[in-house]
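Below is one structure, written out as structure tokens, with a few remarks after it.
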Protein chains: 2
Amino acid sequence: MNEWHDALTRKLQAFKGLGPEDMEMLRELQKPRSLIESGKEVVYEGQYPHSAYILREGWACSYKRLRDGSRQIIDIQIPGDFLGLRSLLLRASDHSFLTITDVEVARLDRQRMLDVFRRTPRLAVGLMWAASRDEAMVVEHLVSIGRRGAFERTAHFLLELGERLKLVGIGDGRTYPCPISQSILADALGMTAIHINRVLRQLREAKIVVFRDGIVEFLDIKRAAEITGFEMAYLDQVPVN
Amino acid sequence: MNEWHDALTRKLQAFKGLGPEDMEMLRELQKPRSLIESGKEVVYEGQYPHSAYILREGWACSYKRLRDGSRQIIDIQIPGDFLGLRSLLLRASDHSFLTITDVEVARLDRQRMLDVFRRTPRLAVGLMWAASRDEAMVVEHLVSIGRRGAFERTAHFLLELGERLKLVGIGDGRTYPCPISQSILADALGMTAIHINRVLRQLREAKIVVFRDGIVEFLDIKRAAEITGFEMAYLDQVPVN
DNA sequence: CGTTATCTTGATAGAGCTCAATTTCAGTGG
DNA sequence: CCACTGAAATTGAGCTCTATCAAGATAACG
């Protein structure tokens, strides 16, 4: 009976049960919704205070651009994730966003966050848990780029994504839709698009994962996990279904 | 009149002024202090709930170890930084710590954090700001490893460290003590100790930075910033002095 | 049905790693 | 006081992984 809920609610349930007033507040928080089309870049240039968003539907990513024009993607956001929560408190915000598909978001300004903390502390702890989990993913991403080879790194990324999506009801961890271009994947994994293409071929030929036509399908998920040293612990999720 | 204060207080002042009751709470928070000697590894193995620490004196680092034995250092901690704040809310903690020098810490458990939030909300916001800033640094670190070459990456790291230290009253940003071994530096920057050694030589020969005998000294800090594209914005600091 | 983004493959160059050896220096014991 | 020890730093040679340059092939799209 969880597919009745939106992605964020599902995700928070994986952390801890929410009471009726928490649920109500959560619904309220996601109220004024707006749509943004695919491929839109939301570039932050240091306005303050800036606001964050809850991504209700669709995919996006946060990135930083370097002076030489190259781009590093920090994180991919899927339904139920936050956009920009990290820098809500910083005077200078630190990165930009790109919508990967058409998305539906709900604005989340500072005042409303403070209301949550005052009125529904349990929900507040849940939100902070989600933020901590996001940070743990960034950390794992850092480790991956710093210490894993391209092959393992790519497989690890796809494994993680599968688990995250499964938690919010998209796919089963083994097969899932994935609207990410190779160029975005490359910038997320710290390599070139050309190389990612070759690595994907290797993964395909090794009968580990096939990523084609917007669909990721693991052929040997156990071996993928072994090879990459994928541990679910940092995702800190208790499957909901 | 800031050298009267401890590192964390100095750091938070750079964000926003603290009232007398905030100061009192902050002093209180750092109360039961303990000493840990250099080279001690605090390995988290998933106990929950676990606690965090305030690092009052000395240097430490947080890292993750991979199955093949390699290590990726996530972040270096200097006086005034937190240890483990990120995973206070996660059931499974996600990384371990290593003391680089002898350190003095103060334990920070969940209950006391909650007290802070209830009793001194302004201080709470300050602590969350510090946490956000830490995360922004991890993000910049990720970008660095993903998209900067070894040369620029190393210079960038040393620049950032200089600014962070300056904020808490250690060094002037141009010259500062740095008890980090090349092996630790390598694991932080995602390369081998051998290569870091060569890069440091290049930086020295290029008359940009000299890192020797535990002291970092910039010879041409302006060029260093240009070359690496170092922007202070993400550190979000307003110098205190 | 051309136009443009995305994907694919080949050839070559180069950054960074691995293996191996030497040096320096602080600590330690005889 | 001096030989040992072990960690950290340094340098060389060769090799691997990944980037770069170039060119097609596909596929989405107005």
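Predicted model only: the values in this text are computed from it and were never measured. Within every chain, numbering begins at 1; the chains are lettered A, B, ... in the order of the sequence lines, protein sequences first and strands thereafter.
Looking at which nucleotide of DNA chain C each of B/His195 and A/Ser181 is closest to, the 5′-most match is held by A/Ser181.
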Footprint string (nucleotides 19-24 of chain C, 5' to 3'): B base within contact, S backbone only, - free, heavy atoms under 4.0 Å: BB----
Contact pattern, 5' to 3', of nucleotides 24-30 of chain D - B, S or - by protein heavy atom under 4.0 Å: -------
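Side-chain contact check for B/Phe151 versus B/Leu203: some heavy-atom pair is nearer than 4.5 Å. The shortest side-chain heavy-atom distance between A/Gln77 and A/Phe97 falls under the 4.5 Å cut-off. When side chains are defined from C-beta on, B/Ser183 counts as touching B/Arg71, because their heavy atoms get closer than 4.5 Å. The closest side-chain heavy-atom distance from A/Phe82 to A/Ile54 is below 4.5 Å.
Residue B/Gly39 is out of contact with every strand shown, counting any heavy-atom pair closer than 4.0 Å.
The pair A/Arg174-A/Asp220 fails the salt-bridge criterion, with no side-chain N (NZ, NE, NH1 or NH2) lying under 4.0 Å from an Asp/Glu carboxylate O. In this structure, B/Glu140 pairs ionically with B/Arg148, as a charged nitrogen and a carboxylate oxygen lie closer than 4.0 Å. A salt bridge does not link A/Glu226 to A/Arg223: none of the charged nitrogens lies less than 4.0 Å from a carboxylate oxygen. Under 4.0 Å is where a charged nitrogen must lie from a carboxylate oxygen, and between B/Asp68 and A/Arg147 no such pair does.
At the phosphate of D/dT10, OP1 or OP2 sits under 4.0 Å from a side-chain N or O atom of B/Gln182. The side chain of A/Arg201 places no N or O atom within less than 4.0 Å of a non-bridging phosphate oxygen (OP1 or OP2) of C/dT8. A sub-4.0 Å separation between OP1 or OP2 of C/dT8 and a side-chain N or O of A/Arg212 is present.
Of the candidates C/dC17, D/dT10, C/dT8, the closest approach to any side-chain atom of B/Thr192 belongs to C/dC17.
Atom CD1 in A/Ile196 sits roughly 14 Å away from atom C1' in D/dC17 (whole-Å rounding). Between the C1' atom of D/dT18 and the CE atom of B/Met191 lies a distance of 16 Å, rounded to the nearest Å. Going from atom CG of B/Asn197 over to atom C1' of D/dG12 covers 12 Å, rounded to whole Å.
Here the CG-OG distance, from B/Asp187 to B/Ser181, works out to 8.5 Å after rounding to the nearest 0.5 Å. To the nearest 0.5 angstrom, B/Leu35 atom CG is 10.5 Å from B/Arg56 atom CZ.
Listed by residue number, the members of residues 145-161 of chain B with any heavy atom below 4.0 angstrom from DNA chain C are B/Gly149, B/Ala150.
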